[in-house]
Structures are given as structure tokens and as C-alpha cells.
2 protein chains.
Amino acid sequence: MPAPTPAPSATSAGPVRRRAGRPTAAILDQDGITTAALELISSKGYDGLTMAALARSLGVAPSALYNHVASKDDVLLLVEDHLAAMVDVTAFGVEPWDAAVRRWAWSYRDVFSEHTPLIPVIAVLPVANAPKTLAMYEAVTAGFRDAGFPEEKIISAIVALEAFVFGAAYDVTAPDDIFDAGSLADRVPNFTAAVDRLALERHARPTDVAFSLGLEALITGFGALRG
Amino acid sequence: MPAPTPAPSATSAGPVRRRAGRPTAAILDQDGITTAALELISSKGYDGLTMAALARSLGVAPSALYNHVASKDDVLLLVEDHLAAMVDVTAFGVEPWDAAVRRWAWSYRDVFSEHTPLIPVIAVLPVANAPKTLAMYEAVTAGFRDAGFPEEKIISAIVALEAFVFGAAYDVTAPDDIFDAGSLADRVPNFTAAVDRLALERHARPTDVAFSLGLEALITGFGALRG
DNA sequence: CCAGTAAATGAATGGCGTTCATTTATATCC
DNA sequence: GGATATAAATGAACGCCATTCATTTACTGG
């Protein structure tokens, strides 16, 4: 009898109720799969994360994974939810609103800049199946509300900040010379001059300068919305 | 004798010089490949854009494509560069700076929200091989410079705006109920209340409200940097 | 007319995610 | 305590993918 396909979920809502006999000690579970996937990603990168490699690192046949996970995208969702729990939301309710947003956004960007292949998945998948991600949103929402944000604007502000964070996460992964115009440089003099001028500044990583610039503008702009 | 692999490029720098005899009328070229790819994307989506399908739509064997393109990523770069030319930069130098940025950013987001699978490619690939993309950057850079922007901040500001645009492009594609917490709703009361409150507003698409909110904050914040 | 060469072919390769009939091992019910 | 129900594991497929390469085709400059 074929095993039923599990519903897509980053964390199952506790153990499934048991009707009749079943093995006590299953080799696989979602936590183990998540851990193995994270180890594989950190050692071989996302190109190395294949269902076959994941199964091999767990000492199991690839098809066995499908008893615990509906698809490879479901594995990515498990990983995403694990990472969401690593985003720093502890400043909300402790530090002032602007400092809390700053800490959250920097940490959010740093976590996902190492995991940009997840972004297309996150952006499209409902949060209902990602409890830790949901917990992050809850903390941030409460922080905005307690800071006097009008309730109807909170989600929009978070969505805008998140969009900026995801885009900035990609930017971190870009090669240093991405803006080198090469042989076309003389066709784009203003752009080339601006790129060269920025290169003279030796303060911080360009990607961090850009992130700071945008984030501070967003914090200032959104801060004015508070009642 | 095997044909040489073409260098990755969104548009070759004119026809390759001819040493000896060669056919005058090649069936394929980069323009034709780009056009066929765009048609395929618009009819079948990015899942339907395979090298085999692309070749079939051009009446050619898949391997023939590799005489004109180095890889599938190279095809995506061709498509990206075509789309970059559709982004509206005409307001720079004509309308005031803030209005020009507004037009550019909205148009940039709208174009790429239909082509989010390109974003991971764009974010990593050097602009040297994408002349139309480079032309867009040139127009925007000149607009910032003429508006009195300090030269060392121009690229950072553009990068920040672009990050926001790319993230927002993903947001456009998200399902309407992406923030439905489902059975976990009572665990995240603040978040659920804010989501419900936003749903009461019936003015515009939520994704457009969030984009406008973020973009106006960025424009205001960056506008203050002008000399 | 011959030599040179870009462009097209078609077969082959290796990898991928996923499916499914089957087997294994156990916990509960009678 | 034996029969039963069932979740979990297996291993062999499947279809699709991007890409490679030896070979053929068709043209043109010398």
C-alpha cells in the first residue's frame, strides 16, 4: 500500500495520530531532513542540494524522502523556516522602534544573503506552512503596533521592508566587478564616472553602503507615519 | 571541425569578421533567438522555456542554438537585456528628479514582475555583456547627477532602489492569500489583526500600496542628499 | 575549382525530480 | 499471541533537462 503524501509544511503540527501498529523508530523525519539539507547547503552549496545527495547523506534511498516531504520545494520551505528563526527580532519592545527595525533588517539580510535560492520560493509560498516565519512576522507586527503605527499600514510597511531586504540579499552575492562596463565604458561616461568615484571611497563594502542608505531612508520615512 | 563557442553576450558587437567563405544566410541569430524566447515565455511561461522548445519554435535542432549562445543562462541574459530597453527612463532630464525616479521605478517593477525568474540571473551577471541594461543605468545616473546628487552616492542610491524594485517584483507575483495564517492564526494575533485590517482598505492592490509606500520613502530620503 | 569555415545535424551523456509496486517492521486489537 | 493494519523504506523505472561532439552541409574568398 503506498504511503500517503505529506501535506506541504515546514513543521508538521505534532505527530500524526496513530490508528494501528507502526514502527516506533523511523529513520527519517522533517527535522533530520532539514538538518541534513542545511549541512549539504553549507558544504556543497545549493547546486549540491539534490534529492539524491540529500538521501545519501541520510543513508536512505531518494524515494524514502517522499514519505516525509511532498517535493524538493517542500525541503526548501523547511530550510527557509529554520532560517527565519535565526532572524533577530529581539530588539522589538526593548529598544526604540527605529533601532529594532535596523537590527531586524540587517540580520534578515545577512541570513538570507547566504541563501538567495530560497527567495523565489519564499516570495510565492503561503506563510501558513511556515510557523517560525509566522512567529517572526508576529514579533515585527507587534513592535510596529506598540510603536504607534496605524494598523492598516503595518503590513504594507513590512512588505516594503522585506522587498528591500530580499533585493539587497541578492546584491550581497554579486561579484565586485559587476558594474564594470568593459569595452562599452566610453558609451556610458556618467555611469562609469560614478562607478569609479564610488570605488575611491574605502569605508565599507559597497553593498553595505547601499543597504544602509536605503534602509535609513525607509526607517525615516516610515517613522513619520507613527501616531 | 567544431564551431567556436560564442562569448556570453546580450548583443554581439556586430557581426563577427569573416575570414573565409561562409554561408550568407544563417537560419539563427541572437535577435531571432531572443524574439522566439520572449514568445515562448509569454505563451508557456518560464517553465516552458527549454532549449528543446526554443529550438523547436525556431525549426532547428537544440544543438544548433549553441553556435549562437553559450548556455541557457546566456539566453536569459539576452531576454533581460531586451526587457531593460523597455524600462521607461524618458523622464530623466525632462521632469523633476523625483517624478523621473517614480516613473522609472514603477516601470522597472512592472516589466520585471512578469519575469521574476530572470532576477537571480541579473543580480549576479556583469553588466558588460548587456548593452541595453547599461544604457538604462547611464540614463539614470545622468539624471541623478544633473539633479545635484553627489557623485559618490549615485551608484549606492541606484543599487538600493534596484534592490527594492526586484524584491517588489516578486511581491507582485505572490498569491493574494499569502499572509493567511490558517490554523495558526490564533498564535499570531497581532499579525492576523493587521492583515485583516489591511484587507478592509479597498483602494488599490496591496502590492501597489506597499510599493508606493516604500518608494516614496526612498525618494524623500534620497532627495535630501542632493546638493 | 579548391580550400576554409561557420552553421546545422543527430546521437549520446549524465543528471535531475518524481512515481510506484513491493517489501519490511512494528504496534495495536481480538 | 497470532492476525491485521499501516507507516516507512526500497529499487527500478520514467520523462525531462542542458549540454557535448563527431559529422555533414553549404557557402565564399583566393
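Just so we're on the same page: letters track the sequence lines, and every chain starts at 1. Please read these numbers as outputs of a predicted model, since none were measured by experiment.
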**OP:** Report the relative orientation of the aromatic rings in B/Tyr46 and B/His115; use parallel for angles under 30°, tilted for 30 to 60°, perpendicular for over 60°.
**Re:**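 Judged by the thresholds at 30° and 60°, the geometry between B/Tyr46 and B/His115 is perpendicular.
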Original post:
Parallel, tilted or perpendicular for A/Phe112 and A/Tyr108, by the 30°/60° rule?
Top reply: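 A/Phe112 and A/Tyr108: perpendicular rings.
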Original post:
Looking at B/Lys132 and B/Asp81, does any basic side-chain N land under 4.0 Å from a carboxylate oxygen?
Top reply: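 Judged by the 4.0 Å cut-off on N to carboxylate O distance, B/Lys132 and B/Asp81 do not form a salt bridge.
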Over how many whole Å does the gap from [X] atom [atom1] to [N] atom [atom2] extend?
| X | N | atom1 | atom2 | result |
| --- | --- | --- | --- | --- |
| A/Gln30 | D/dA8 | CD | P | 11 Å |
| B/Leu65 | D/dT20 | CG | P | 13 Å |
| B/Leu28 | C/dA7 | CG | C1' | 8 Å |
| A/Asp73 | C/dT18 | CG | C1' | 13 Å |
| A/Lys72 | C/dT18 | NZ | P | 8 Å |
| A/Ile33 | D/dA9 | CD1 | C1' | 12 Å |

**OP:** Give a yes/no on whether any side-chain N or O of B/His68 is located under 4.0 angstrom from OP1 or OP2 of C/dA8.
**Re:**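 Result: yes.
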Subject >> Of residues 43-56 of chain B, the positions that come close to DNA chain D - non-hydrogen atoms, cut-off under 4.0 Å >> reply: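 Heavy-atom contacts with DNA chain D come from B/Leu49, B/Thr50, B/Met51, B/Ala52.
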Original post:
Do B/Ser156 and A/Leu198 touch side chain to side chain, with heavy atoms closer than 4.5 Å?
Top reply: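 Heavy-atom side-chain distance check passes, below 4.5 Å.
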**OP:** Please state whether the base of C/dA8 and the side chain of B/Asn67 form at least one donor-acceptor pair under 3.5 Å?
**Re:**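 Between C/dA8 and B/Asn67, which were checked side chain against base, a qualifying N/O pair under 3.5 Å is present.
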**OP:** Output, in order, the C-alpha distance, side-chain angles, deciding distance and verdict of side chain to side chain contact (heavy atoms under 4.5 Å, CB included) for A/Tyr137 and A/Ile155.
**Re:** CA-CA 9 Å; A/Tyr137 286 133; A/Ile155 299 297; over 6 Å; no
**OP:** Carefully, step by step, assess A/Asp171 and A/Arg205 under the rule salt bridge (charged side-chain N to carboxylate O under 4.0 Å, His left out).
**Re:** CA-CA 11 Å; A/Asp171 187 51; A/Arg205 286 195 305 173; over 6 Å; no
Original post:
From the list C/dT18, D/dC21, C/dT19, which nucleotide is the closest neighbour of the side chain of A/Ser63?
Top reply: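 Looking only at heavy atoms from C-beta outward on A/Ser63, the closest nucleotide is C/dT19.
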